[in-house]
Amino acid sequence: MELFELVIGLLIGAALLTTLSTRVGAPYPVVLAVAGAALALLPTEKISARLDPDLALALFVAPVLLNAAFDTSPRDLKANWAPVFSLVMFCVVVTVAAVAVVARWLVPDMPWAVAIALGAIVAPPDATAATSILRLIAPPHRMMVILEGESLLNDASALLIYRFAVGAALGASVTPFQAIPALLFSAGGGVLLGIALGWLFPFLTRRVEDIPVHVSLQFAGTFAVWIVAETIGVSPILTVVAYAIMLSQVTARDQTAGNRRASFAVWDVAIYVLNALAFILVGLQLHPILRDVSGKVGLYAGFSAAVLATVILARIGWVMIYNRGLTLRRHLAARGEGDVVEAPSLKASIAVSWCGMRGVVTLATALALPYGDGAQGGFPYRDLLITAAFAVVLGTLVIQGLTLGPMLRWFDLADDGESDREEKIARRETARSAFALLKTKSESEADLLRREYAVRMQEQTTDHRVDAEVIGGLRMEAIAAERGALDRLRRNRTIGDDTYRTIEEELDWAEGHAVARKDALAELGPLDKGAPDEKV
């Protein structure tokens, strides 16, 4: 009960700190990391927690990966596969190797398998940490696609290495002739299984219209996919990623609007809570470690700082080498010796190399290490590895996360407007289709809807351009007037709370639509000739 009360109190504290971070413009993972560090340093002996290592990855990684992968665009990943693959495979391997070498140099008695496991833990930048920070900054669209694709897929490559390294550290014997087929089966089987389950899940839940049941099945399905992959022996990471991408393509046709709105809202809350819990649990596990570290403070601090520096420098080194290779290839292509390849600018290369924030995946893999410190089946140097992993998460979020925005603004690497252009096309063409349909209808009600769609496309019967600020402000004032009338009706007991909540929900949706419509009107440009006629 004490632990439950502590966690509830810490979640409330995390929520308040996140609210503060929003006001000051700092990404919320930075605040959670600092809070976790503060928790580990509290001067009390009553703080402790133990999480089943086998539960850590499934609990924290599966839903976080699904949430990130669901929003991933296969089209954009395919268009940028070369830089994404470079970061997903080669940058991860370089980071794992560099961290392992540094760890062995600082602690010569550390087995290579343990050092490699540490490298795999800290190698992958985190999807949630990256997107939560980058969306505040609005970098160029291509850079966003590459970094989101990397932060999503590199978990798979790093965790494949992690699993083999942990097994070797605990005594499992693995030869290269065994590892390579196992890797191919794990990766390929995971992708195929994820695609199959992603197609099957909507088919099984198509008739489920009850929103709580539908959202519950989404969460249960995510964990079930992870468990099935673990049972079969394929990569649960790649299975969940493939499952989510497939699911996002299929559910667009089968999921109702109400279920979709509810699931998005619930998943946003769940991912936030899981992130907060991960930092809380690491802080709780670090507390007894730091309390009992007497005589080893220098080792733990120096080791953690060295691993943090290695992680940052390894990424910078690989990105610069890769982009230098693209530049050389471009020079060769200009002389007719190869294909022309677009090479990023030096500023873009520096920015990408600085986008290495770690987060909940690193924390979860560290928590998944078996308990103990090398004795009785425990994992060797577990306490040291957890400390170093948290130092990497805290250091990258604070150092890189807080400086990335100023860096992009200084480099003038702002949003290139690609997403806005696509949104304009989508809004315009969907409105055109609706307007074309309504023109075939003779009912008087259709005339009202035609007028509404004419406004959406910024055309009126007199070709007067709609002022987005004016019409948006009028809509908001009208909704505010409705809310005032609704409050008066409840106060004078003309209506009860059931009716009040029903109309309040309708006004909430209307207000959301009004804000979205205002933004859409502001973004839409002139229409082509022939779009709604003057007889509307």
Side-chain angles (χ1 to χ4, degrees), residues 33 36 40 51 53 56-57 60-61 89-126 129 154-172 174 179 237 278 281-282 285-286 289-290 293 296 298-315 317-318 356-375 377-397:
L51 178 69
L57 284 176
F60 293 112
V61 175
M89 291 301 297
F90 296 106
C91 189
V92 166
V93 171
V94 168
T95 303
V96 171
V99 169
V101 169
V102 170
R104 282 272 301 178
W105 174 61
L106 293 173
V107 185
D109 293 336
M110 180 180 290
W112 274 110
V114 175
I116 292 172
L118 173 61
I121 289 171
V122 300
D126 181 64
N154 60 13
D155 296 330
S157 57
L159 288 179
L160 285 174
I161 300 173
Y162 169 83
R163 288 179 177 273
F164 281 104
V166 170
L170 295 177
V174 181
I237 303 293
L281 286 171
V282 168
Q285 294 217 359
L286 279 176
I289 294 174
L290 299 182
V293 79
K296 298 181 180 179
L299 170 63
Y300 275 59
F303 185 86
S304 299
V307 171
L308 170 61
T310 302
V311 166
I312 294 175
L313 293 175
R315 180 181 179 86
W318 172 253
M357 293 75 68
R358 271 61 175 177
V360 67
V361 172
T362 293
L363 298 179
T365 49
L367 290 172
L369 293 172
Y371 284 101
D373 202 30
F379 195 84
Y381 296 95
R382 183 180 190 272
D383 291 351
L384 182 60
L385 266 60
I386 289 180
T387 305
F390 184 76
V392 169
V393 173
L394 178 63
T396 54
L397 284 175

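What you are looking at is a predicted structure, and each value in this text was computed from that prediction instead of being measured.
Leu299 is listed as a side-chain neighbour of Val107, based on a closest heavy-atom distance under 4.5 Å. Here the side chains of Ser304 and Phe390 are not in contact, with every heavy-atom distance at 4.5 Å or above. Side-chain atoms of Thr95 and Trp318, non-hydrogen and from C-beta on, never get closer than 4.5 Å to each other. By the 4.5 Å heavy-atom criterion applied to side chains, Arg315 and Thr396 are not counted as neighbours.
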All N/O donor-acceptor pairs, side-chain side in residues 361-369, below 3.5 Å, sequence neighbours left out:
residue	atom	partner	partner atom	Å
Thr362	OG1	Ile121	O	3.0
Thr365	OG1	Val361	O	3.0
Thr365	OG1	Thr362	O	3.0

Name the atoms and distances for all side-chain donor-acceptor pairs under 3.5 Å in residues 112-120, with sequence neighbours left out.
none

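Atom CG of residue Leu57 and atom CD1 of residue Ile237 lie 6.5 Å apart, to the nearest 0.5 angstrom.
In this structure, the side-chain contact (heavy atoms from CB on, under 4.5 Å) partners of Leu106, at least two apart in sequence or on a different chain, are Val102, Phe303, Ala306. Among residues two or more places apart in sequence or in another chain, the side chain to side chain donor-acceptor pair (under 3.5 Å) test is passed with Arg104 by none.
Using modelled atom types, one side-chain atom of Arg382 and one backbone atom of Pro370 make a donor-acceptor pair closer than 3.5 Å.
Screening Leu308, Val311, Leu394 for a side chain to side chain contact (heavy atoms under 4.5 Å, CB included) involving Arg358 leaves a single residue, Val311.
Taking both residues in full, the closest heavy atoms of Ala278 and Phe60 are given as N-CE2, 3.7 Å, listed atom of the first, atom of the second, then distance.
Pairs of residues two or more places apart, or lying in two chains, never qualify as salt bridge (charged side-chain N to carboxylate O under 4.0 Å, His left out) while including a residue from residues 89-102.
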